[in-house]
Amino acid sequence: MFPYPSGQLHMGHVRCYTLADVINRYRRLKGFNVMQPMGWDAFGLPAENAAIKNGIPPARWTHDNIAYMRGQMQRLGFGIDWSREFATCDPEYYHWEQWLFLKLYEKGMVYRKNATVNWDPVDQTVLANEQVVDGRGWRSDAPVERREMAQWFLKITAYAEELLTELDNMDGWPESVKSMQRNWIGRSEGVEIDFPVLNAEGAKDENDAVLTVFTTRPDTLLGATYVAVAPQHPLALAAAERNPEVAAFLEQCNQSTTAEADMATLEKAGMATDAFVEHPLTGERLPVWVANFVLMEYGSGAVMSVPGHDQRDWEFARKYDIDIVQVIAPVDDTPCDLEAEAFTAPGQLVNSGDFDGLTSAEAFAAIAQALAERSRGRRITNYRLRDWGVSRQRYWGCPIPMIHCDKCGVVPVPEQDLPVVLPTEVEFEGVRSPLVTMESFLHVACPQCGGDARRETDTFDTFMESSWYYARFTSPDANTPMVDERVNYWAPVDHYVGGIEHAILHLLYARFYYKLMRDEGLVPGDEPFNRLLMLGMVLQDGKKMSKSAGDAGDPQKLLDKYGADTVRTAMMFAAPPDQSFEWSEAGLEGALRFLKKLWSQVQEHVAGGTAPALDVAALTEAGSSLRRKAYTTLAKADDDYGRRIQFNTVVSSVMELVNAISKCEPGNDADRSAVQEALQIAVLVISPVAPHITHQLWQVLGGTDALVTSRWPAMDDTALTQASIEMVVQVNGKVRGKIEVPADADQAVILDLAKASENVHRHLQDKTVRKEIVVPNKLVNLVVS
RNA sequence: GCCCAGGUGGUGAAAUUGGUAGACACGCUGGUUUUAGGUACCAGUGAUAGAGAUAUCGUGUCGGUUCGAGUCCGACCCUGGGCACCA
């Protein structure tokens, strides 16, 4: 995941890009053609904030930051193909984003509707959520108001089903991320039910107006004693016009905050209206209430309320003295006392006329059927996922390529006029976007009638740019829409590495966007990222890493003090990739010590002169046991790098190998060739983690080519064979001794050796052996009593 | 409330397929080298008892399966993350 150019790298970046670089360098050693690109998620609010604070134009601030951070990355030795670098604020990049938006507009995948924004009444501008602190504007300190504005939306809900079901096939993604996305999409199956609206005389409305609700529990329909609508529902608004008390209540609801966390803790409140609806099956008259807990955004903004079998409805009914009717009875011994609480489990229907006796599941189908026959209901699937609002009332973003004409309405910018370039020479006057007052940008001829028109001044949500940049890396200079045919060689991304904080929004939008591009015939496959490595967070004092961290959290200070290899090694050794951990400087000393030790072992070895060619037959025990260790390490590292993606254990196993090398006392000249081989393996295996020192050591060890062009060593299984094996002996499952057995010993021999072993013999005295278990090459367990 | 991931020494952690729990490091203790400190090297380091050999206990808690459980099963506790008046 490419970074936001905030100014400097933090340890979270170091971890992310080191992990990616280790994968990159390992795969190159294995002979793969690897593209490791880098770019900059360059649009966004911090650049504007810096401009407002320091008077530096966002473009310059951003480019300065990019230059500095690029230098830091180069110093860390990341094997990046800088020829593919771009920033999302380059017009050559966002040009194609505007292009796709227009294509989607033609297709009907884009629409405009009103949505709520945070309005700062003093600064007269829209605020981003981050700019609202405790309900007040970050600069004006004025209480923020809710305001409705026309905004652009992308129909992500049209892809909800595919985005959900595809998750089941994504084996390369961690379960936790898939689970988070499933929750976010929030699919629920139910029935949409129409309640005919009654007029003041109690008769059906002459236009056959209906109030539509969504429920996942149609089996409880006969227990509905009222319906409740959201404060923003048309029925509520109509009632407010007739009754000032209702109007006052709606006003009160609208004043409360938009933050969802606060909504949940809000006390349930409601008010009866003078409206009534007719029960679609019984014909009974049900009152319509306005309730503050009904959300206009979900379903149809109205619910049927069944206080007997929904806890929330139960509490509401209790508070306002509405009838509670039981229509579901437990089928097992689940307690059911409607005086105390609602009975929410499925069960068997009662008080439901023809449906009595059916189970909840049977009744679901039967009632849905009955409603369908009367044209009063239909089975539907509802999603929690909302369409993606992409308009931002901000300056530093990609201009939305639309024109507003008084005569023609909203007119898209013609394709040949793209890109709509964002002016970069700007000055901020206060908080407002400079675009709003910039005539040279605003004024434009209407593409349809040629008359005076004005440009859209909103820009795209920056998640738009980060939804497709990875595809652009395949053809960063393409002059055709978005990408060119090179995308078919590279895409989809084999291995995507990034922080857990992007588990939902970025990764869901990117998946959606990829499908949009696929449906334009631009990219191969259905999903953008085959394998996802979700990093845990790097914490400092229990908090997420940020610029504010101390010296131990400043990569620049650490690079100056320890060098890139040590920082990289310490970072990889600290914890497995998916785990969050507290960063501390403590690990650096250990990593430095290890690299120094590797260095001195190589120097010491070559000081002894050239080792002869390897002659396995001539090795002493010291030499062949070192060889065994070297090849065990090689096999484990291969598995850890390639399959397990766990690099802390690669570092520790190379540490073991280096320890073994330093302890090895060559018995003859042939053993020195085993040391040579072991050092070469150690250097190669750790090189993805510590590329600089190993580059040098590789040459010292006689490498003729540069290490980066070398290949991962071939496995030699014969090095693993050994004449005798140590086995553990247990008595009743407890370790009582260890024995050396010949590698080819049969069970009888092993058991004899085991029983003869001194401590084991003691534990067998006066006991009868009931069972003998031999696990080849591992252990013997004698069950006695 | 629902979903996901975790819980192992003083610390970061390892144990991949049910087979020696604590590899590898950090830290600490003692020693060698050094005028001293640091570095480097050597030894020790889960708890308890013991001079030691060794024994007992020990992977959140309780129970189960198994010759054998950190690993599998059941119930529960705790931590972190996600979703949530979602009808």
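Below, chains carry the letters A, B, ... as their sequence lines are ordered, and counting in each starts from 1.
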List every contact pair, protein side and nucleotides 48-51 of chain B side both N or O, where the distance is under 3.5 Å.
none

Positions of residues 212-235 of chain A (non-hydrogen atom under 4.0 Å from RNA chain B), listed by number: F214(A), T215(A), T216(A)
Using a 3.5 Å cut-off on both pairing distances, which stems of three or more Watson-Crick or G-U pairs include RNA chain B? B:1-7 with B:77-83, B:10-12 with B:24-26, B:27-32 with B:40-45, B:46-49 with B:54-57, B:60-64 with B:72-76
Base-contact (B) and sugar-phosphate-only (S) positions in nucleotides 9-14 of chain B, heavy-atom cut-off under 4.0 Å, - elsewhere: ---BSS
Taking the side chain of N759(A) as its heavy atoms from C-beta onward, which of C83(B), U54(B), C85(B) lies nearest to it? U54(B)
Can a donor-acceptor pair under 3.5 Å be found between the side-chain atoms of N183(A) and the base atoms of C83(B)? no
When rounded to whole Å, the NZ to C1' distance for the pair K778(A) and U20(B) reads 11 Å
Under the salt bridge (Lys or Arg N to Asp or Glu O under 4.0 Å) definition, can you give me all pairs with a residue in residues 647-656 of chain A, not counting sequence neighbours? K629(A)-E656(A)
Could you tell me whether the side chains of E740(A) and S724(A) share a donor-acceptor contact shorter than 3.5 Å? yes
Touch class at under 4.0 angstrom, heavy-atom based, for I500(A) against every strand present: nothing
Salt bridge (Lys or Arg N to Asp or Glu O under 4.0 Å): pairs with one or both residues in residues 595-604 of chain A, sequence neighbours excluded: none
Every protein N/O lying under 3.5 Å from an N/O of nucleotides 4-8 of chain B:
| from | atom 1 | to | atom 2 | distance (Å) |
| --- | --- | --- | --- | --- |
| C4(B) | O4' | S179(A) | OG | 3.3 |

Please identify each residue that fulfils side chain to side chain contact (heavy atoms under 4.5 Å, CB included) with T215(A), with sequence neighbours left out. I193(A), R217(A), P218(A), M304(A)
All N/O pairs under 3.5 Å across the protein-nucleotides 39-41 of chain B interface:
none

Residues forming a side-chain hydrogen bond (donor to acceptor under 3.5 Å, both in side chains) with Q232(A), sequence neighbours excluded: N254(A)
Looking for any heavy atom pair under 4.0 Å, which part of the strands does R187(A) touch: base, sugar-phosphate only, or nothing? nothing
Sort and list the pairs that fulfil side-chain hydrogen bond (donor to acceptor under 3.5 Å, both in side chains) and have at least one residue in residues 775-785 of chain A, not counting sequence neighbours. R770(A)-S785(A)
Atom pair distance, as rounded to whole Å: CZ in R182(A) and C1' in A84(B): 18 Å
Contact class for H309(A) (heavy atom, under 4.0 Å): base, sugar-phosphate, or nothing? nothing
Is V728(A) touching bases, backbone alone, or none of the nucleic acid, heavy atoms closer than 4.0 Å? base
Is there a residue in residues 767-774 of chain A whose heavy atoms reach under 4.0 Å of RNA chain B, and which residues are they? K771(A), I773(A)
Taking atom P of G27(B) as reference, at what distance in whole Å does atom CG of L588(A) sit? 11 Å
